[in-house]
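Before any comments, here is the structure.
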Amino acid sequence: MDEVGRGSWAGPVVAAAVILPKKLRLPGLDDSKKLTVQQRELLFPKICSTCPHGIGVASAEEVDEKGLLQATFLAFSRALVQLEAPADHIYIDGRDAFHFSLPHTSVIRGDGIYRCIAAASILAKVTRDRLMVEWASRFPLYGFEFHKGYGTARHQRALQEHGPCDLHRKTYKPLQNLKCLQESFL
C-alpha cells in the first residue's frame with residue numbers, strides 16, 4: 001500500500017492497495033515519483049486490469065477533523081476494503097505504525113523497494129491527480145490542475161488573493177501562517 005497527498009494544502013489523501021502477481025511483468029514499473037505523468041497514465045490501466053487492487057480516499061475535511069495520520073489510516077482502510085482479493089501480509093510505504101488486523105510491515109522508501117508498493121503508488125498518484133484536475137473546474141481560481149493542491153508559489157498567490165475554498169485543509173499550519181488567511185479561519 002501507498003498513499004499520496006499528505007503534504008498537500010488542499011484535497012484528499014488517496015491510498016491504494018495492490019496485490020501484484022509474482023510472474024506479472026509491467027515494464028517501467030517504478031516509484032510514481034520517478035515516473036512522468038505519461039508513464040504513470042500508461043501503467044495505471046495495466047495495473048488495474050491485471051492486479052487485484054483497491055483505492056481509498058480521505059477528504060480534506062476528514063484530514064482537518066481527524067488529523068493527518070488518522071485520515072491516512074482511514075484512506076488505507078478504505079483501500080483494503082476495496083481490495084478485490086484477500087491479502088495475507090501488507091507492505092506499507094513509510095515509517096508510520098498503523099494498526100491493521102492483517103500482518104503488516106512499514107517500509108521506508110518502500111515504493112522503490114517493493115514492486116507492489118510501486119504499483120500502489122501509481123494508482124494513488126494518478127487517482128489523486130485526476131481528482132484535483134476535476135476539481136480545478138469547480139474551483140478555477142486556484143490552479144489545482146497545475147500544482148494538485150501543494151504549496152507552490154502559484155497556489156500561495158491564489159490563496160492570498162481569494163482565500164481558501166472547501167478543498168483546503170484549514171488546520172494545516174502553512175495555511176494558518178499566511179497572514180491574509182488568518183481571519184478566514186477564525
Side-chain angles (χ1 to χ4, degrees), residues 1-18 26 28-84 93 111 117-172 174-175 178 181 184-185:
M1 292 194 306
D2 200 3
E3 55 65 35
V4 66
R6 285 176 71 159
S8 179
W9 292 9
V13 173
V14 176
V18 174
L26 288 169
L29 180 64
D30 203 346
D31 171 5
S32 64
K33 294 180 291 300
K34 295 178 181 176
L35 301 175
T36 66
V37 171
Q38 295 80 11
Q39 290 170 320
R40 289 191 299 263
E41 287 288 344
L42 284 171
L43 284 164
F44 184 90
K46 292 176 184 176
I47 295 166
C48 289
S49 66
T50 59
C51 303
H53 65 280
I55 297 173
V57 177
S59 69
E61 185 176 300
E62 289 173 317
V63 172
D64 282 339
E65 288 174 4
K66 299 176 184 303
L68 180 60
L69 191 60
Q70 199 56 33
T72 301
F73 177 72
L74 188 59
F76 278 140
S77 297
R78 289 172 176 163
L80 282 175
V81 167
Q82 297 298 316
L83 193 59
E84 301 154 338
D93 183 51
D111 45 8
I117 296 177
S121 78
I122 292 167
L123 295 192
K125 175 75 171 140
V126 170
T127 299
R128 187 176 190 285
D129 284 357
R130 288 177 179 177
L131 286 171
M132 295 308 292
V133 168
E134 181 181 318
W135 285 325
S137 62
R138 184 170 166 210
F139 302 102
L141 301 175
Y142 299 93
F144 291 134
E145 68 273 29
F146 301 108
H147 52 69
K148 311 302 187 278
Y150 288 90
T152 65
R154 178 184 186 145
H155 192 182
Q156 290 178 44
R157 284 191 303 274
L159 279 165
Q160 290 171 345
E161 189 172 332
H162 306 291
C165 72
D166 291 343
L167 286 182
H168 284 99
R169 299 175 184 176
K170 315 245 181 337
T171 59
Y172 264 41
L175 270 71
L178 293 174
L181 300 180
S184 299
F185 296 129

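With sequence neighbours excluded, the residues forming a side chain to side chain donor-acceptor pair (under 3.5 Å) with Lys125 are Asp129, listed by chain and number. Partners of Leu69 according to the side-chain contact (heavy atoms from CB on, under 4.5 Å) rule, which considers only residues two or more places apart in sequence or in another chain, are Arg6, Asp96, Phe98. For Arg78, the side chain to side chain donor-acceptor pair (under 3.5 Å) partners at least two apart in sequence or on another chain are Glu62. With sequence neighbours excluded, the residues forming a side chain to side chain donor-acceptor pair (under 3.5 Å) with Asp31 are Lys33, listed by chain and number. Scanning for side chain to side chain donor-acceptor pair (under 3.5 Å) contacts around His147 gives an empty result, with sequence neighbours left out. Partners of Arg130 according to the salt bridge (charged side-chain N to carboxylate O under 4.0 Å, His left out) rule, which considers only residues two or more places apart in sequence or in another chain, are Glu41. Annotation: side-chain contact (heavy atoms from CB on, under 4.5 Å) contacts of Ser77 (sequence neighbours excluded): Phe73, Phe100. Scanning for side-chain contact (heavy atoms from CB on, under 4.5 Å) contacts around Ala118 gives Leu29, with sequence neighbours left out. When the side-chain contact (heavy atoms from CB on, under 4.5 Å) test is applied to Ala120, the partners found at least two apart in sequence or on another chain are Asp2, Ala16, Val18.
When all heavy atoms are compared, the tightest approach of Arg128 to Gly5 is NE-CA, 3.4 Å. Between Ala60 and Arg169, the closest heavy-atom pair is CB-CG, 3.9 Å. Met132 and Pro12 get closest at one heavy-atom pair: SD-CD, 4.1 Å. The shortest non-hydrogen separation linking Ala15 to Ala79 is O-CB, 3.8 Å. In terms of heavy-atom proximity, Phe44 sits nearest to Thr127 at CE1-OG1, 3.7 Å.
Looking only at distances, no side-chain donor or acceptor of Gln82 sits under 3.5 Å from a matching main-chain atom of His53. Formation of a donor-acceptor pair under 3.5 Å by the Arg40 side chain with backbone atoms of Ser32 is found in this model.
Between Trp9 atom CH2 and Leu159 atom CG the span is 6.5 Å, to the nearest 0.5 Å. Going from atom CD1 of Ile55 over to atom SG of Cys48 covers 5.5 Å, rounded to the nearest 0.5 Å. Distance check: Ile122 CD1 to Ile117 CD1 gives 12.5 Å after rounding to the nearest 0.5 Å. One finds the CG atom of Leu43 at 6.5 Å from the CG atom of Leu35 (value rounded to the nearest 0.5 Å).
Residues Asp111 and Lys34 are not in side-chain contact: their nearest non-hydrogen atoms beyond the backbone lie 4.5 Å or more apart. Between Val4 and Ser121, the closest side-chain pair of non-hydrogen atoms is not below 4.5 Å. Under the 4.5 Å side-chain criterion, counting only non-hydrogen atoms from C-beta, Val133 is in contact with Lys148.
Here side-chain hydrogen bond (donor to acceptor under 3.5 Å, both in side chains) pairs that include residues 63-76, with residues two or more places apart or in two chains, are Asp64-Thr171.
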Show the atom names and distances, to 0.1 Å, of all donor-acceptor pairs under 3.5 Å that link a side chain in residues 137-145 to residues at least two apart or in another chain.
{"unit_1": "Ser137", "atom_1": "OG", "unit_2": "Glu134", "atom_2": "O", "d": "2.8"}
{"unit_1": "Tyr142", "atom_1": "OH", "unit_2": "Gly163", "atom_2": "O", "d": "2.6"}

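In summary, the aromatic rings of His168 and His155 are positioned with their centroids under 6.0 Å apart.
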